[in-house]
Amino acid sequence: MSYTNKVLQETMEKNPHQPEFHQALSEILSTIQPFVDANPQYERAGILERLVEPERQIMFRVPWVDDSGSVRVNRGFRVQYNSAIGPFKGGLRFHPSVNLSIIKFLGFEQIFKNSLTGLPMGGGKGGSDFDPKGKSDNEIMRFCQSFITELYRHIGGDTDVPAGDIGVGGREIGYMFGQYKRLTGLHTAAVTGRGICYGGSLVRKEATGYGLIYITEECLNSRNSTLKGKTAVISGSGNVSIYAAEKAASLGAKVVAMSDSGGYVYDKNGINLDVIKQIKEVERARISEYAKRVKTAAYKSGSTLIWDVKCDVALPCATQNELDGAAAKKLIANGVKLVAEGANMPASDEAAKLFIEQGVLFLPGKAANAGGVAVSGLEMAQSGQRCFWSFEQADKMLKEIMVNIFKTIDKRAQENCAKDNFVFGANIAGFIKVAEAMLLQGAV
Ligand code: NDP
Ligand code: 2IT
């Protein structure tokens with residue numbers, strides 16, 4: 001049995017009942033296998049055994065008081081996966097589905113994503129099974145304060161830097177940063193995605209969505225095409241989806257459908273983003289509202305049915321495994337040309353394989369959604385330098401990083417006779433830098 005397969009099998013046995021973690025693990029290890037087999041120094045140095053085992057996993061109780069005065073308890077997580085190339089870095093997810101398997105798959109992916117950005121950031125992820133839906137501002141604040149009252153001792157600007165993810169945006173980051181500062185007395189970049197008036201970076205809010213479109217456009221340009229005039233479908237209607245839709249429209253694409261966990265809206269005239277922003281960012285309401293306010297739109301319940309909508313470009317930006325094999329077949333039959341993952345692992349294993357086999361340009365999440373963490377890295381850089389960059393400066397850097405990621409993964413794929421297999425290109429390119437850093441630092 002190959003070294004890679006042995007580590008894969010042992011890791012799955014040692015971590016049972018973690019399907020999302022197994023999925024991410026198996027995708028990465030199976031793609032890097034030929035490369036690892038050809039370089040026996042990795043096995044001697046135990047690189048894979050070290051890579052699959054988080055440096056540290058923290059699970060903790062988060063007690064908080066709801067508005068009726070009752071005490072509630074949630075579970076908090078932080079998985080500090082790999083700090084070979086920089087401090088642990090990665091988001092926090094607040095969603096009832098959160099468990100160790102999900103946090104570990106996200107943390108494992110983050111190692112390679114952060115490596116691809118070219119910035120010095122290791123990989124980590126955290127969160128809680130807390131459900132922010134329907135909670136008052138005060139409940140959110142009390143929860144965030146309690147969460148950080150435990151986590152603060154494990155994080156810091158040079159150790160581990162959390163940020164947002166599903167259910168964690170500017171509001172939650174503000175409450176967590178405030179509590180961190182109060183407990184430590186430190187006004188440092190211990191979290192990113194902070195408000196612009198207290199250490200945040202311009203473009204962080206837009207970064208994941210804009211970055212997704214920058215890499216999509218670069219990929220299309222490299223194949224003599226462009227987003228202009230293309231029809232796009234974007235799942236989700238959160239932070240990533242909204243700013244992906246904004247940038248896609250500004251480059252001349254028509255976004256005809258968006259969704260939330262309840263269902264999707266289709267608007268043949270192109271989605272009116274001002275209405276979406278009002279519903280989602282201001283009112284925190286359901287996307288079905290859109291169809292009540294916009295005459296040309298229709299709402300259908302069932303979020304995954306969004307992949308039935310005919311499009312040239314599909315951008316899954318909601319959650320893991322939201323696009324399965326059947327949805328991929330539908331998209332392919334309807335002539336989809338490019339699929340780029342704004343979310344982490346939204347395409348199931350079967351779906352990703354189908355896209356690659358059928359010649360659909362498929363940009364995996366660890367490359368395509370790296371813009372968010374990249375601008376988090378720029379936020380850390382500005383904090384370190386005590387400076388503040390303009391929107392244009394930060395946006396230009398984001399674009400350069402995304403273009404560079406595309407060139408890197410494209411080149412790696414071509415060099416290894418895997419033309420247009422960007423999953424392969426991204427995994428190899430992300431892995432090489434981390435493995436090199438681990439080799440240089442000895443058996444730690
Ligand atoms: P938000 O919380 O802002 O939005 C999440 C969106 O996805 C909502 O529309 C939500 O619908 C939908 N969604 C969440 N869970 C499910 C589910 N189980 N089934 C169907 N729909 C669901 O999160 P973000 O936009 O920040 O994150 C979206 C994805 O992008 C995630 O996979 C995240 O890991 C990834 N990502 C985020 C980055 C960031 O900077 N924020 C960076 C890189 C990747 P509803 O409101 O109904 O729950
Ligand atoms: O999945 C991700 O890359 C994020 N949620 C953003 C992480 C970050 O540290 O900005």
Side-chain angles (χ1 to χ4, degrees), residues 20 86-98 102-103 105-114 116-117 119 121-127 131-134 155 160-173 189 191-194 200-201 203-212 234-245 258-265 276 279-281 284-288 301-306 315-323 340-347 365-380:
E20 295 84 2
F88 304 106
K89 181 85 196 86
L92 296 171
R93 176 176 292 188
F94 291 170
H95 192 274
S97 64
V98 163
I102 289 179
I103 299 300
F105 113 68
L106 290 164
F108 191 60
E109 285 276 305
Q110 199 81 39
I111 305 170
F112 305 95
K113 183 195 302 192
N114 294 4
L116 285 173
T117 65
L119 299 173
M121 300 182 290
K125 199 84 186 192
D131 185 359
K133 277 200 195 85
I155 62 172
D160 182 0
V161 185
D165 194 81
I166 291 176
V168 177
R171 174 181 61 167
E172 292 74 19
I173 291 292
V191 292
T192 57
R194 288 168 293 164
S201 175
V203 192
R204 177 60 189 90
K205 185 175 68 174
E206 296 83 357
T208 313
Y210 279 20
L212 177 68
I234 301 184
S235 65
S237 47
N239 174 260
V240 178
S241 317
I242 288 178
Y243 294 95
M258 290 180 79
S259 61
D260 62 19
S261 60
Y264 77 90
V265 288
I276 292 282
I279 295 168
K280 288 292 173 183
E281 294 186 330
R284 298 181 188 272
R286 309 306 301 157
I287 206 161
S288 49
S301 63
S303 59
T304 53
L305 296 177
I306 192 171
L315 304 173
C317 296
T319 195
Q320 65 274 357
N321 293 322
E322 57 166 311
L323 198 170
E341 295 186 316
N344 286 305
M345 208 169 72
K366 66 177 75 62
N369 69 41
V373 76
V375 177
S376 280
L378 301 183
E379 181 175 330
M380 291 161 75

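Both counts, for ligands and for their atoms, begin at 1 and track the order of listing. Excluded from the calculations below are hydrogen atoms, water molecules and symmetry mates; all remaining heavy atoms, backbone and side chain alike, are included.
Residues L119 and M380 have side chains not in contact (no heavy-atom distance under 4.5 Å, counting atoms from C-beta outward). Put simply, the side chain of R286 reaches to within 4.5 Å of the side chain of K280, judged on heavy atoms. Two residues are said to be in side-chain contact when any heavy atoms from C-beta on lie closer than 4.5 Å; S237 and E281 fail this criterion. Contact of the R204 side chain with the I173 side chain is not registered, since no non-hydrogen atoms from C-beta on lie closer than 4.5 Å. Between I276 and I287, the closest side-chain pair of non-hydrogen atoms falls below 4.5 Å. Side-chain atoms of K113 and N344, non-hydrogen and from C-beta on, do get closer than 4.5 Å to each other. V161 is not listed as a side-chain neighbour of S376, based on a closest heavy-atom distance of 4.5 Å or more. With contacts defined as side-chain heavy-atom distances shorter than 4.5 Å, the pair V240/N369 does not qualify.
Atom 9 (O) of ligand 2 has its closest protein heavy atom at K89 NZ, 2.6 Å. Atom 7 (C) of ligand 2 has as its closest protein heavy atom G91 N, 3.5 Å. Looking only at protein heavy atoms, the nearest one to atom 14 (C) of ligand 1 is I166 CD1, 4.1 Å. Atom 41 (N) of ligand 1 has N239 OD1, 3.6 Å as its closest protein atom, hydrogens excluded (heavy atom only). The single protein non-hydrogen atom nearest to atom 24 (P) of ligand 1 is V240 CG2, 3.9 Å, given as residue, atom name and distance. Atom 48 (O) of ligand 1 has as its closest protein heavy atom K133 NZ, 2.9 Å. Residue, atom and distance of the protein heavy atom nearest to atom 2 (O) of ligand 1 are G167 N, 2.9 Å. Scanning the protein for heavy atoms near atom 4 (O) of ligand 1, the closest one is G238 CA, 3.3 Å.
In R204, the part holding a heavy atom less than 4.0 Å from any atom of ligand 2 is the side chain. Residue contacts with ligand 1, taken as heavy atom pairs separated by less than 4.0 Å, involve N344 via backbone and side-chain atoms alike. When non-hydrogen atoms are compared, ligand 1 lies under 4.0 Å from neither the backbone nor the side chain of K366. Contact annotation: for N344 versus ligand 2, heavy atoms closer than 4.0 Å belong to the side chain alone.
For R284, there are no salt bridge (Lys or Arg N to Asp or Glu O under 4.0 Å) partners at least two apart in sequence or on another chain. Take F105 and apply the ring pair (Phe, Tyr, Trp, His ring centres under 6.0 Å) test, not counting sequence neighbours, and it matches no residue.
Backbone and side-chain nitrogen or oxygen atoms of K125 are examined, and none is located within less than 3.5 angstrom of a nitrogen or oxygen of ligand 1. Any N or O atom pair closer than 3.5 Å counts here, and N369 shares no such pair with ligand 1. Not a single N or O atom of Q320, backbone or side chain, sits closer than 3.5 Å to an N or O atom of ligand 1. Considering backbone and side-chain atoms together, S261 places an N or O closer than 3.5 Å to an N or O of ligand 1. In terms of polar-atom proximity, K113 is not counted as a contact of ligand 1, lacking any N or O under 3.5 Å from an N or O of the ligand. Residue G236 places no N or O, backbone or side chain, under 3.5 Å from any N or O of ligand 1. Note: no N/O pair closer than 3.5 Å links G164 and ligand 1 by distance alone. Taking distance alone, with nitrogen or oxygen atoms compared against 3.5 Å, R286 approaches ligand 1 more closely than that limit. When only interatomic distances are considered, the shortest N/O to N/O separation between S376 and ligand 2 falls below 3.5 Å. For ligand 1, the polar-atom distance check against G262 finds no nitrogen or oxygen pair separated by under 3.5 Å. Polar contact check, D165 against ligand 1: a nitrogen or oxygen pair lies under 3.5 Å apart.
Q110 counts as a contact of ligand 2, since one of its heavy atoms falls under 4.0 Å from the ligand. Residue contact annotation: H95 has a non-hydrogen atom under 4.0 Å from ligand 1. At least one heavy atom of R204 lies less than 4.0 angstrom from ligand 1. At a 4.0 Å cut-off, not a single heavy atom of G169 sits close enough to ligand 1 to count as contact.
Residue contact check: T208 has heavy atoms under 4.0 Å from atoms 38 (C), 39 (C), 40 (O), 42 (C), 43 (C) of ligand 1. The atoms of ligand 2 that sit less than 4.0 Å from any heavy atom of K125 are 1 (O), 2 (C), 4 (C), 5 (N). Interface of K113 with ligand 2, defined as ligand atoms under 4.0 Å from a residue heavy atom, comprises 1 (O), 2 (C), 3 (O). For ligand 2, the atoms sitting less than 4.0 Å from at least one non-hydrogen atom of A163 are 8 (C), 9 (O), 10 (O), numbered in the order shown with element in parentheses. Per-residue contacts place R93 under 4.0 angstrom from the following atoms of ligand 1 (heavy atoms of the residue considered): 31 (C), 32 (O), 33 (C), 34 (O). Using a 4.0 Å cut-off to heavy atoms of G90, the atoms of ligand 2 that qualify are 7 (C), 9 (O). Set against the non-hydrogen atoms of G342, the atoms of ligand 1 under 4.0 Å away are 30 (O), 35 (C), 36 (N), 44 (C). If you number the atoms of ligand 2 from 1 as listed, the ones under 4.0 Å from a heavy atom of G164 come out as 4 (C), 5 (N), 6 (C).
Looking only at distances, no side-chain donor or acceptor of E379 sits under 3.5 Å from a matching main-chain atom of A189. Between the side chain of S235 and the main chain of C317, a donor-acceptor pair closer than 3.5 Å is present. Between the side chain of N114 and the backbone N or O of K89 there is at least one donor-acceptor pair closer than 3.5 Å. The closest donor-acceptor contact from the side chain of S259 to the backbone of G236 lies under 3.5 Å. In this structure, the side chain of E341 engages the main chain of A347 through a donor-acceptor pair within 3.5 Å. Side chain of E172 to main chain of G169: a donor-acceptor pair is present (N/O by atom type, distance under 3.5 Å, no hydrogens or angles).
In this structure, OG1 in T319 is found 8.5 Å from CG in D165, a value given to the nearest 0.5 Å. Going from atom CE of M345 over to atom CG of N321 covers 5.0 Å, rounded to the nearest 0.5 Å. Once rounded to the nearest 0.5 Å, the distance linking CD1 of I111 with NZ of K366 reads 11.0 Å. Atom-to-atom distance recorded for E20:CD and S97:OG is 8.0 Å, nearest 0.5 angstrom. One finds the CG atom of L116 at 10.5 Å from the CE atom of M121 (value rounded to the nearest 0.5 Å).
Counting only non-hydrogen atoms, the option in T192, T319, V168 that gets closest to atom 16 (C) of ligand 1 is T319. One option in A318, A244, S237, G209 has a heavy atom closer to atom 8 (C) of ligand 1 than any other, and that option is S237. Between atom 28 (C) of ligand 1 and the options C317, A343, S376, the minimum heavy-atom separation is to C317.
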